[in-house]
Amino acid sequence: MATTAATAPAIHATPVSKKGGVMSWLTTTDHKKIAVLYLYTALFFFIFGGLEAVIIRAQLMLPNGELVSAELYNQLMTMHGTTMIFLAVMPLSAVFFNFLIPLQIGARDVAFPRLNAFSYWVYLLGGIFITVPIFFMVAPDGGWFAYAPLTTNQFSPGVNIDFWVLGIQILGLSSLAAAFNFITTVINMRAPGMNMMRMPMFTWMAFVTQFLIALAFPAITIALVFLQFDRFFGTTFYDITAGADPLLWQHLFWIFGHPEVYILILPAFGLISEVIPTNARKPLFGYPVMVYSGILIAFLGFGVWAHHMFAVGMGPVADTVFGLMTMLIAIPTGVKIFNWIATLWGGNLRLNTAMLFAIGLPALFTIGGISGVMHSSPPAVMQQTDSYFIVAHFHYVLFGGSMMGIFAGLYHYFPKMFGRMLNERLGKWHFWLNFIAMNLTFFPMHYSGMLGMPRRIYTYDAQQGWETFNLLSSLGAFLLAIATAVFVVNFFWSKRNGALAPNDPWGAPTIEWSIPSPVPEYNFAKLPTITSRYPMWDLPSKDPAGVGTRAGRESGVVMETETFTAAELGIPMPLPSIKPLLAAFSIVVLLSGMFFLSNDSKMLALVLMIGGGIATFGFIVSWLSSPLEEHH
Amino acid sequence: MSFNHRPRQFVAAALSAGLVLALAACAQDYPNSTFNHHTEFNTAIDFLWDRLLFWGTIVFVVVEVALIYTIIKFRHREGAPAPKQVHGNTTLEIMWTVAPALILILIAVPTVRTIFRTQAPAVPEALQVEVIGHQWWWEFHYPEYGVRTANELYLPVGRTVNLTLVTKDVIHSFWVPQLGGKRDLISNRTNYLWFTPDSSLESTVWNGFCAEFCGPSHANMKFRTYTVQPDEFERWMSNQQSPAAFGAVTPPAPAAAEGEAVQVAAADSVTPAAALEPYWYPEEELPAYAIPTGRIPASLAMPDGLVGDPQRGLEIYSRSTCIGCHAISGNPMSLARIGPDLTHIGSRHTLGAGMFPNEPSFMFAWIKNSRALKPGSLMLPVGIGQRDPITGMVIGERGGLNDQQIADIVAYLQALK
Amino acid sequence: MADNVSHAAHAEAAPHEEHHPTWQTYVKIGVILFIITAIEVSAFFIPAWETSRIYVPSMLFLSSLKFIAVVLFYMHLKYDHRLFRALFTGPLIVAIITIISLLFLFDQLSISF
Amino acid sequence: MSNAAAVAEHATHHHHTSTGLDNRKIGLWAFIGSECMLFGSLIATYLSYKGKSLVGPFPHEAWTSPQGETFPAILDIPVTSASTFVLLMSSLAMVLAHNAVVHRHKPKVTTTDRIIGNSSLWLGMTALLGLAFLCFQAYEFTAFVHEGLSIGTNLFGSSFYTLTGFHGAHVAVGVLWLTALLFIDRKRTLQPEDATNVDLCALYWHFVDVVWIAIFTLIYLIK
Ligand code: HEA
Ligand code: HEA
Ligand code: CUA
Ligand SMILES: [Cu+2]
C-alpha cells in the first residue's frame, strides 16, 4: 500500500536520477534535470552580467573615469542589459517553469519533454553565441534596445550588432518553443480535479507569462529580421537614406519590450505567492482576484508599449492614450501588493530567508512601480526619460522585483530540487546584505537622474552634482557582489552539506510537497486527485490551523515518502534523447551561418546554412519518428 | 510650482522636502537639477512632478508601513494560535482597487492638460532655432539671422524659443535639464520643442546633453546654453553675423577690430551687422560646472614654449584638410558644412561638444588627434606621427601637420572671436 | 508522441469528431470562397466601385467573410473544443488591435470628425 | 521491491490529459496564435510604409524616374488572383484529405465516394496546388525584379518581398509537411487514428491560407 502521512518521512538525498555522467545530462528529457541545467546556466550568466555591472560601476565611481574605453563601456552596458534580461532573469524564471509547473499540476513531465530539452540547448548555445564576442571586444554595442538607425550598417559597420541580431533570434526561438510547451502542459496535463481555479498561483502566473512570450516575441523577431535583412541583404527598412522611419524599429521593439518586462516580473509574482501563504500559514488572500489581476496586467501590457517613446514626438493624442493606459496597470498591480499584505495580515509569519525575500519584493517593487507611474505622465517623463531616474526605476522592478522573487523561490524550492536545505544563517546574511546594497546602489540613481545625469554615458565631468550619488551607487554595487558571493557559497556548500530535506520542510499547501525531496524521476508514484486549492493543508496533520478545522474535505493527496525507480513502478518515462541537442546545435549553426553573409565569406555562410538546414531537418525527422518513451 | 497657499501643495513640499527641495535650492551644487522654474515648460513639469511625488510618497508610506507593521505584529511567536484561514474579502479588495484608481485620476487630469498645453504650437513671435544633431555635436541654426553656430546655444531671456529638431544621422535627444524636458531628434522626422527662459533670469549658462544613445561618443555630445539678457543677445547675434573677426583677440573687442569686421561683413552676410559691441558670455563668469574637466593624454600635450602665429595659421588652415569639413565665414577657402562652423570658435568656451575647455593646449591636442580624445570622432587626426585609432593608420608627412603648424592653426582659430 | 492520442480515451470528453461536416459542406464553402474572391477581384476592376468610398470597407468585409469561413469550417473551430477558439481569437484580437494602433501612429489612419 | 510492487499497482500507466484533447493540437493552436502576431507585425509594417517610398516603382501606380525611365505599376492583380484561387482550392483539397482519412472505413459505393475517399489524391492535390502557388510567387518575384523592383529598391520593395516571402516560406514548409504525409499514406495508408496527424498539417495549411486572404485584400486589392 502506498505510504500514508502517518509513516515517519523517510529522507534520502539521492540524485535526481540514478544514472549519472555527462551523457545523462546531454540526453535528458526530464523536466527536473532540465530545470537544473537552466539553473546553473542562468546563475552563471547572472554573475557574468553582474560582473559587467560591477565594471560599469567602477568606471562611473568617479568623474572622468578611465577604467574602460568608451567602446568597451558600450559593449559592457549593452551586454549587461541583454545578459540580465535574456540570459539571467528569463532563464531563472524558466528554471521554475520547468521544475514547478509539472509538479504543481500533478504531471509526470511537460507535454513535450524533448522540445523542452531543445529549448534549453538553444538557450545555452544562443547564450554562448552572444556572450563570447565580448572577450574579443566585438560584443554588441547598441544598447539593449538597439535603436535603428544607429544599428544599421551605415552607422554600425562592425560585426558587433550582427551578433546581437542573430543571438536574440536564437534566444527567441528557445523562449517560443518553451512557451508552446508550457501552454500545452498547463492546459492538458493537469491531474484529475486540478481545475484552472485550483492551480497554484505560480503555475497561473507562469501560464500567463507563456502567452506574453508567445505574442511578444514574434514582434521582435520581425524587427530583428528586418534589421538583419538590412544589414545582410540591403533592404531599406531602417535605411534613412531611403526614407525609412526609425520609429518602426522602436514600435516593433517595444511591442515586444513592454510585455517582456511583465514576462520578467509575473513569474516572480507567482513565486512569492507560493512562499508568502506557506510561511504565513494562511491561504493566499483573494485568489481569484490574484488570477484576474495577473491576466489583466498581461493584457494591458500589450497596450502601453509607446510609453517608452514619449520623447519621440508622437503627438498629444497618442501620448495621452498611452499615458493613461500605462497608469491603469498600476491598479491590478496594486491589488496584488495589497493582497499579499492581506495574506500576511493575521498570519503566523515564519521569517525564514525565503520569506524575507518574498516580503522584500512588495517592499522594493513598490518603489519601482511608483517611479513607473511617474514615467507614465508624458510631460513629467520628458525630464526623466533616458536619465538615471529610469535606471533606478527598472532596477527596482527588476532587482527589487524579479530577482527578489527568484531568490525567494530558490530558497523555498532548493530542498525540493536538491534534497537539502540551504543554510539559513548564510541566507539571512545574503538577504540583508542584498537588501541594503540594493538600495544603496539604486536609490541614489533617482537623484543622479533627476539632477540631470543621462544614462548610457561612459564618463561624466566633475562638478555636475552627481559625484556623491555615483560613488554611493558604486559602493553599493561592490557590496552587491559580496552579497551575491555569499549566495554562491551558500548554494554550493548546502548542496553538499545542507541538512537533508524532508518531503515538506515548510508545511506548504501544494502538491509538489507531497513527494520526496529530491523528486523521483517519475514525480508522483500515484497521480494525485485534487479536491481543493490547498490539498496538503487538507491532510489533517498538515492543516496549519489545527486538525479538523478545515472544511473536512477528503484530500486526494498522499504523502509519498519512498523513492523508487520508474521501472520498478512500471511508469513509462520519456526516453533520453540526444536529438534535441543535435537539432538545437544544427539550428544554431544554421542561424549563425548567416553571420558570415555580411562578412564577405559567403561560401562559408552558405555551407553553414545549408549544412545546418539539412542537419536540422534530419534531426527533427529522426526526433519525430523515434518513440517518446519505452513501453512496459 | 509657485508656492501659493494650496494646502496640498504645501504638504507635497513638506513631504518631499527633505532632500529633494533642498537639493533643488542650491543650484550651484546641483547645476543640472530638473527641479526649478526657469521656464514655463519646467514649471509645468515640476508641477506634475510634485503631484506625482506627493501621491507616490503616500502610496510608498502606506505600503511600507502596512508591511512593516504586519511583519512585526504577526511575526511568529511560540505558542501563537493558528492563524485564521481567511480566503479574501471582497469589500477590502474593491477598496484597494478603487483607491489607486482615484489617485490615478488625480494624476491623469493635470497630466492630460499639460500634454496638450506643452505640445501646442509655439507662439508665432517665438525665436526660431533649428537644432541639428550630428554624431557627436550640435549645430544651432538661427534662420531669421542667418547664423549657424555649434555646441553653444544663446537664448534671450523672456522670449519664447521654438526649437526645430532634426538630425543628420542617428537619433539624438536634446536636453537642458534646467530649462525643461527633452525631445528626440529623429532621422527623417522633425520635432518641435518650445519654452521661455524666465525674464527674471540673470545671464547665465546651463549644461545641455544628448540623452539618446547615439554611438561611442554619446557621453561626449554635450552643449552649453546661455540665457542672456535681450540686449546681450542682440550684441552676440550681431557679432555672430559678422564674418570671422581675425585679430580681435580680447573681449570686448577694440573699436578698430570691430570696424574691420564690419567692413568685411558687408560683402556677404545676411544682414549687415550693426556696429554693436560684440558680446559673448564672459569667461571669468563661467561657473565651475560649465568648465569641462576632461583630461588629455600626455602624449598630446602642447610642447612648452610653442607659440603659434595666427597669420601663418590662417594660411596653413586654408590649405589643410580642415577646410574639407569646416566653414569660416570670411574665409573663402573654408566653406564646408560637414563639421561645426568655426567662424567664431574663439568666442566659445568648450571644444569637442562640451568635452574640453576651449584653451590653446586643448585645441592643440584636439587638432592633432581628435579621435584619440573623442571616441569615434569623425574628424581625422592630422598630427604627423599620430595613429588614427579607427583606421589604425599613422599620419605621414604628406597631408599631416607638425606641431608648429598645428600651433599656428590654434592661434588663428583662437583669434576668431 | 503519437501515443498521447490513443491514451486520451479515458478523459472527460472525446473530441467532437462526429460533428464534422460532410464533404458536401466543404465543397460548398469552397464555392463560396471562390465566389467572394471573384467579386473582390471584379470590384477591383470596376472603376465605379473601386473609386467609391465603400470600396475599402466592402473589401475588408468580404475578405473577413472568407477568413471566417475558412477558420470556422476548414479549421473546424465551429465544431471543435472552445479552448481552440480562445487560443486563436485572443491572439488575433491582440494582433488586430496592434496593427490598427500602428496605422494610427504612422499616420496611415486618422480620426476626422 | 515488494513495496515498489505495491505502489506500482496504483501507478497510472496512461498519460492523463485534462481536456481529452491532443497535446500537439493545443501546441499547434498556440503556435498559430503566435503566428498571428508574426504576420501582424509584417502586415503592419507594409501598411505603415505604404506610400512612403522615396523612389518607385510603386505597387499601384506607374512611376517615372528622374532619369525619365518609366516603371509600370508593379502589382499584377490578374496573376495574383489566379494564385489566390489556387491557394483557396488547396485548402479545399486539404480539408477533403482530412475528411478522407477520418472516414477511411466508410464503405465506398459510388465513384464519387471513391474519389472523395482517396486521401492520397487530396494530399497530393494540396501539395501540388501549394507548389503551384509557389511557382506563381516565383514568377511574380522574377517579373517584379525585371520591372525594376528588387528587395533593396525602396521601402515598398523591402516590405513587400519580406511579407510575401515569409508567407511563401510558410507555404514551402507546408508543402514539405504534406509531402511527408503523402509519403506515409502511400506507404501504409493513413488510418482514422492518424487523423490528428493530418489535422495538424491541415490547421497549419488553412492558417497559411487565411493569412493570404488577408494579404491579398490588404496589399493587392486596396490601393
Ligand atoms: C520587471 C520589469 C518592469 C516592471 C514590472 C515595470 C513596471 C512598470 N513600468 Fe517600467 N520599465 C522597465 C521594467 C519594468 N517596468 C524597464 C526595464 C524599463 C526601461 C527600458 C529601457 O529603457 O531600457 C522601464 C521603463 C518604463 C517606462 C519608460 C521610461 C522611459 O524610458 O522614458 C515607463 C513609462 O511609463 C514605465 C512604466 C512602468 C509602469 C507604470 C509600471 C507598472 O507596471 C508598475 C505598477 C506598480 C505599482 C504602481 C506599484 C504597486 C501599486 C500600488 C501600491 C497601488 C497604488 C499605486 C498608485 C496609485 C501609484 N517603465
Ligand atoms: C534583471 C535585470 C538586471 C539586473 C539584475 C541588473 C543588476 C545590476 N545593474 Fe543593471 N541594467 C539592466 C538590467 C539589470 N541590471 C538593464 C536592462 C540595463 C539597461 C542597459 C541599457 O541601457 O541598454 C541596465 C543598466 C545598468 C546601468 C546603467 C548603465 C548605463 O546606462 O550606462 C547600471 C549602472 O550602474 C547598472 C548597474 C547594475 C548593478 C550594479 C546591478 C547589480 O545588481 C548586479 C549585482 C550582481 C552581481 C554583483 C553579481 C556579481 C557577483 C560576483 C562578482 C560574486 C563573485 C562571484 C563568484 C563567487 C563566482 N545597470
Ligand atoms: Cu547624440 Cu547621444
Ligand atoms: Cu514599459
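Scope of the values below: all heavy atoms of this structure, side chains included, with no hydrogens, waters or symmetry mates. Throughout, a chain's letter reflects where its sequence line sits, starting with A, and its residues are numbered from 1.
- The CG atom of C:L92 lies 11.0 Å from the CE atom of D:M37; values are rounded to the nearest 0.5 Å.
- Side-chain atoms of D:I222 and C:L60, non-hydrogen and from C-beta on, do get closer than 4.5 Å to each other.
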**Request:** Report the C-alpha distance between C:F84 and D:I26 in whole Å, list the side-chain angles of each, state the deciding distance to 0.1 Å, and finish with yes or no for side-chain contact (heavy atoms from CB on, under 4.5 Å).
**Result:** CA-CA 7 Å; C:F84 296 133; D:I26 299 175; 3.9 Å; yes
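- Looking at heavy atoms from C-beta onward, C:H76 lies in side-chain contact with D:D199 at the 4.5 angstrom threshold.
- Annotation: side chain of D:T112 is in contact with side chain of C:W23 (closest heavy-atom distance under 4.5 Å).
- Residues of residues 44-54 of chain C that come closer than 4.5 Å to chain D, counting heavy atoms only, are C:F44, C:F45, C:E50, ordered by residue number.
- The aromatic rings of D:H206 and C:Y74 are tilted relative to each other, their planes meeting at an angle between 30° and 60°.
- Residues C:F106 and D:K52 have side chains in contact (heavy-atom distance under 4.5 Å, counting atoms from C-beta outward).
- Just one of C:I100, C:L109, C:L102, C:L103 meets the side chain to side chain contact (heavy atoms under 4.5 Å, CB included) condition when paired with D:L47; it is C:L103.
- Residue D:I116 touches chain C through its side chain alone, counting heavy-atom pairs closer than 4.5 Å.
- Environment of CZ in C:F34: sparse, with no more than 12 heavy atoms of neighbouring residues, nucleotides or ligands closer than 6.0 Å.
- With a 4.5 Å cut-off on non-hydrogen atoms, D:L28 does not touch chain C at all.
- Residue-environment remark: CZ (D:R114) exceeds the threshold of 12 foreign heavy atoms within 6.0 Å.
- Using a 4.5 Å cut-off between heavy atoms, C:S63 touches chain D through backbone and side chain atoms alike.
- For D:M89, the part lying under 4.5 angstrom from a heavy atom of chain C is the side chain only.
- No side-chain N or O of D:S48 forms a donor-acceptor pair with one of C:Q108 less than 3.5 Å apart.
- If you measure heavy-atom distances from C:I29 to chain D, you find no contacts under 4.5 Å at all.
- Smallest separation of non-hydrogen atoms from C:P91 and D:G33: CB-O, 3.3 Å.
- Here OG1 of D:T217 is found 4.0 Å from CD of C:E40. Values are rounded to the nearest 0.5 Å.
- The contact between D:T84 and chain C is made entirely by side chain atoms (from C-beta outward), counting heavy-atom distances below 4.5 Å.
- The contact between C:L77 and chain D is made entirely by side chain atoms (from C-beta outward), counting heavy-atom distances below 4.5 Å.
- To the nearest 0.5 Å, the span separating CG on D:N99 from OH on C:Y26 amounts to 5.5 Å.
- Annotation for C:A95 and D:C36: closest pair CB-O, 3.7 Å, computed over non-hydrogen atoms.
- In this structure, the side chains of D:F207 and C:V70 stay at 4.5 Å or more apart for every pair of heavy atoms.
- Note that CG of D:L92 and CG of C:L33 are 8.5 Å apart. Values are rounded to the nearest 0.5 Å.
- Here C:S58 contributes atom OG and D:L221 contributes atom CG; the two are 10.0 Å apart, rounded to the nearest 0.5 Å.
- Side-chain contact between D:W205 and C:M75 is absent, with no heavy atoms from C-beta onward closer than 4.5 Å.
- Note that the CH2 atom of D:W212 and the NZ atom of C:K66 stand 11.0 Å from one another [nearest 0.5 Å].
- Looking at heavy atoms from C-beta onward, C:F88 lies in side-chain contact with D:I32 at the 4.5 angstrom threshold.
- Looking at residues two or more places apart in sequence or on another chain, you find no salt bridge (charged side-chain N to carboxylate O under 4.0 Å, His left out) involving D:E147.
- Put simply, the side chain of D:F216 reaches to within 4.5 Å of the side chain of C:V41, judged on heavy atoms.
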